[in-house]
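Quick one: this structure, given as structure tokens, is what I'll be asking you about.
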Amino acid sequence: VNPAAWTQKQQLERTIAALAVIFAILAPVGGISPYWTHQILLSTFFFGIAAASLIFLSAYGGMVSLAQTALAGIAGVIIGNLATHGGPGGTSKGLHLGWDPTVSLVLTLVLTTAIGLLAGAVAARSAGIYFLMITLTYSVIATLTLGSVTKISGFSGIGGISGYTPGWIGNIEAHPNRLYYIALGAAFAVYLLIRYILRTPFGITLQGVRDEPLRMSSLGYNVALHRTLAFGFAAFLAAIGGVLYVWWAGQIAPGDVDLPKTINLLVMAVIGGLVRIEGAWIGAFAFTVMNNYITPSTHIPGLGLGGALFGGSFNTIIGIIFLAIVVVSPDGLLGIWARFLDPRNLSRWRRTPAAETPEPAA
Amino acid sequence: VSQALAFARLNRRHLPLLVVGGLLAFALAYVLFISVVPINYGQGGWRTTNFGSAVHDPADFLKTVLDSVTFAAALFIVASGFALIFGLMRVVNMAHGSFYLLAGYIAYEIQQGMTGQGFTLQSSEVNTWEWLVPLAVAAPCIAVVGLVTQQAFLRWNQGQELRQALITIAVSVIVADQIIAHFPRNTSTGQKFGGNAVDLTWPGWTDRFVNLHVAGVQYSLARLVMLAIGVIVAVGLWLWLYRTKTGMVIRAGVDDEQMASALGINIQRTFAIAFAVGSALAALGAVVWASQANISSGQDGQWLLNSLVVVIVGGMGSIFGAAAGAILYAFVANFSATYLPTTGSDCCTQYSPIFTFVLIALVLAFRPRGLFGRGTT
């Protein structure tokens, strides 16, 4: 770590990042209202983890995945089935196996990663827009399956999961700050893990596969295998986000992974910017704040409008914001930031993962 | 065993094919011979299904086949529009499902206005015009919505596939939310019902059963009409694409957009026509299928999935692919819903979405671009 060697942009960004982390650490003890810490910041952490898995695949694998919400939800359903107790005094539907929460946690991460590897292997010979279509079908199929297989979830889902956290975490319902710090730590760890993975030979190869799949293939690299492994890794990250989500919300239902929720995660990633991992948490934060503060009773200053545009709900507004971001700056807030700092760097402005993927040979 | 395999000229390369072939053969045998009827309702083992095997109950087997074929017709109508747009412009129109939903609600409102009846209509209260006019209003409406979307948001960023997909997702979010805000309405009181399920109604003359004189099957005339409409759309699309000048231009655009453009063809006009026709096909499919089933918010996701599966399975951007994909998907969906074992406490579970995944996985494993897809990914 040598701040003197950093560029001005890096210095500025890292100062802001350090301040944000310090603020996040001090927030629960520093008199910030619990609504902000446990509603907005906590959601930012786990949605950010799931969005980071999406951005990782998109920015470094050239695969835009819409399955990350479904994978997070699958992790939530698995831990809900494994960890909760049924019977008298039990609170849960599903299989309610009542296993040890730590074992359940590990199994959940392993199983979700395995599902991710399988789903990734099926889609691995595609990239770009085809990958988007295939993973969208995964997402819808997962929602329909959870909704119709009554043994593991059913339409109403599984509840009371937050009562079954591992002993080393303790009762998060009585001590919500514990979940806050676990989510913060997990988010930080995920960020560092992705940064580390990108520097390993695997990460470098993956970026080669993103840019030139044909050349990498003729150099002897197994393109499909690298995409599959990347998808499995992203499924692991999404699983972490999903477990944190069910501990926070206490329940998981097919409605938590349906098409609008899938699109919400994509909106977060796109608002942040599909080019850098940091964008995940920035986008998640921006989305969560809007989601919490734009209600039908909100008055948007200057527009003379309430939170309901044309009689619609929050979704109309988020749809218009999403549309504006994609039309104006496909690289999201971080793209605007990069342009703001460096007006000459216009090439970055146009760089989208789509533009990087070579045109399929007609 | 090794000698037998050598005799059949099989080696390790054939293993995946053998496994898939074996599974297919088992599925076929299960439907034809193996399955049995439950002794009591909700009881039984892995062999029990609702109707039992096809040999035991040919009438219900035939009905399932007909259900699949007629559902495939509706699937084809909707998905061919999606495939047309994707094939020509490489735009994945994620708003296709929202267009479908909007068309269904518009047609419902027109039909309610024409008949002046309450919320639910009997088929006998609807004549042919009161079915055709809602269609004739909804289809152009959706064509215009599609055209506006294409001209405003997709014309200036051609080639940026991901960005275009994201833009259509944003459009679908807005359209879906506005549908919930404004549809369906009670036409006389103006009361809104926030995306509730409503029924379009077939005209009265279709509301009867036809005796097919095969195994004593009586089959719904409305579903046969649906099949006829699907066939007419397929033949019409084929004639349009392969026997007219516009179709020739569209096919040239699919193969090489820049070359077609360089030869003096107004490719932008072609794009606009294809987008309008593709959106109108979503509307036609919506009117047809909403008359058979119903229309409710949330079906946008379902029909986006249907279109995606048909196009992924059948091959990206080909009309024949869309037909093949629609038939395969309809058979898998209907047969897995009807012929899966129903046992004990499992009675209400539907595993058919998992079989949709199996279908996609199998097709992509052998043909990454779908059955009729061309080129490389």
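All chains are named by letter (A, B, ...) in the order of the sequence lines, taking the proteins before the strands, and each is independently numbered beginning at 1. Every value quoted in this text rests on a predicted model; they were computed, and no experiment measured them.
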Which atoms of A:L323 approach chain B - backbone, side chain, both or neither, heavy atom under 4.5 Å: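 For A:L323, heavy atoms of backbone and side chain both lie under 4.5 Å from chain B.
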Shortest non-hydrogen separation from A:L132 to B:M94 and the atoms involved: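 Closest heavy-atom pair between A:L132 and B:M94: CD2-CE, 3.3 Å.
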Test side-chain contact (heavy atoms from CB on, under 4.5 Å) applied to B:L166 and A:L266, step by step: CA-CA 9 Å; B:L166 295 179; A:L266 181 71; 3.5 Å; yes
Member of A:N315, A:I317, A:I318, A:I320 meeting the side chain to side chain contact (heavy atoms under 4.5 Å, CB included) criterion with B:I174: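 By the side chain to side chain contact (heavy atoms under 4.5 Å, CB included) criterion, B:I174 pairs with just one of A:N315, A:I317, A:I318, A:I320: A:I320.
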Contacting region of B:L304 [heavy-atom separation from chain A under 4.5 Å]: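 It is the side chain, since no backbone atom gets that close.
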side-chain contact (heavy atoms from CB on, under 4.5 Å) evaluation trace for B:Q302 with A:L259: CA-CA 9 Å; B:Q302 175 74 52; A:L259 190 62; over 6 Å; no
Option passing side chain to side chain contact (heavy atoms under 4.5 Å, CB included) with A:I141 (candidates B:L305, B:I354, B:V358):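 The residue from B:L305, B:I354, B:V358 that satisfies side chain to side chain contact (heavy atoms under 4.5 Å, CB included) with A:I141 turns out to be B:L305.
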Residue part contacting chain B, namely of A:I321, when any heavy atom lies under 4.5 Å: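 Neither part.
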Which portion of A:V270 sits near chain B, non-hydrogen atoms under 4.5 angstrom: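 Looking at A:V270, just its side chain touches chain B.
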Step-by-step side-chain contact (heavy atoms from CB on, under 4.5 Å) determination, A:I129 to B:R90: CA-CA 9 Å; A:I129 200 78; B:R90 314 211 69 73; over 6 Å; no
A:Y138 portion near chain B, given a 4.5 angstrom heavy-atom threshold: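 Interface part for A:Y138: side chain.
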Interatomic spacing from OG1 in A:T145 to CZ in B:F355 - rounded to 0.5 Å: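 The distance works out to 11.0 Å.
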Min side-chain heavy-atom separation A:V327-B:W156 under 4.5 Å: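 Of all side-chain heavy-atom pairs linking B:W156 with A:V327, at least one is under 4.5 Å.
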Verdict with reasoning, A:M133 to B:V311, per side-chain contact (heavy atoms from CB on, under 4.5 Å): CA-CA 10 Å; A:M133 291 161 71; B:V311 169; 4.2 Å; yes
Most chain B-contacting option - heavy-atom pairs closer than 4.5 Å, from A:T137, A:I325, A:T143, A:D258: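 Sorted descending by pairs with chain B, the first entry is A:T137.
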CG (A:L225) with more than 12 external heavy atoms under 6.0 Å: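 Result for CG/A:L225: enclosed.
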Partner of A:F322 by side chain to side chain contact (heavy atoms under 4.5 Å, CB included), out of B:V171, B:I169, B:I167: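 It is B:I169, the one option of B:V171, B:I169, B:I167 that forms the side chain to side chain contact (heavy atoms under 4.5 Å, CB included) with A:F322.
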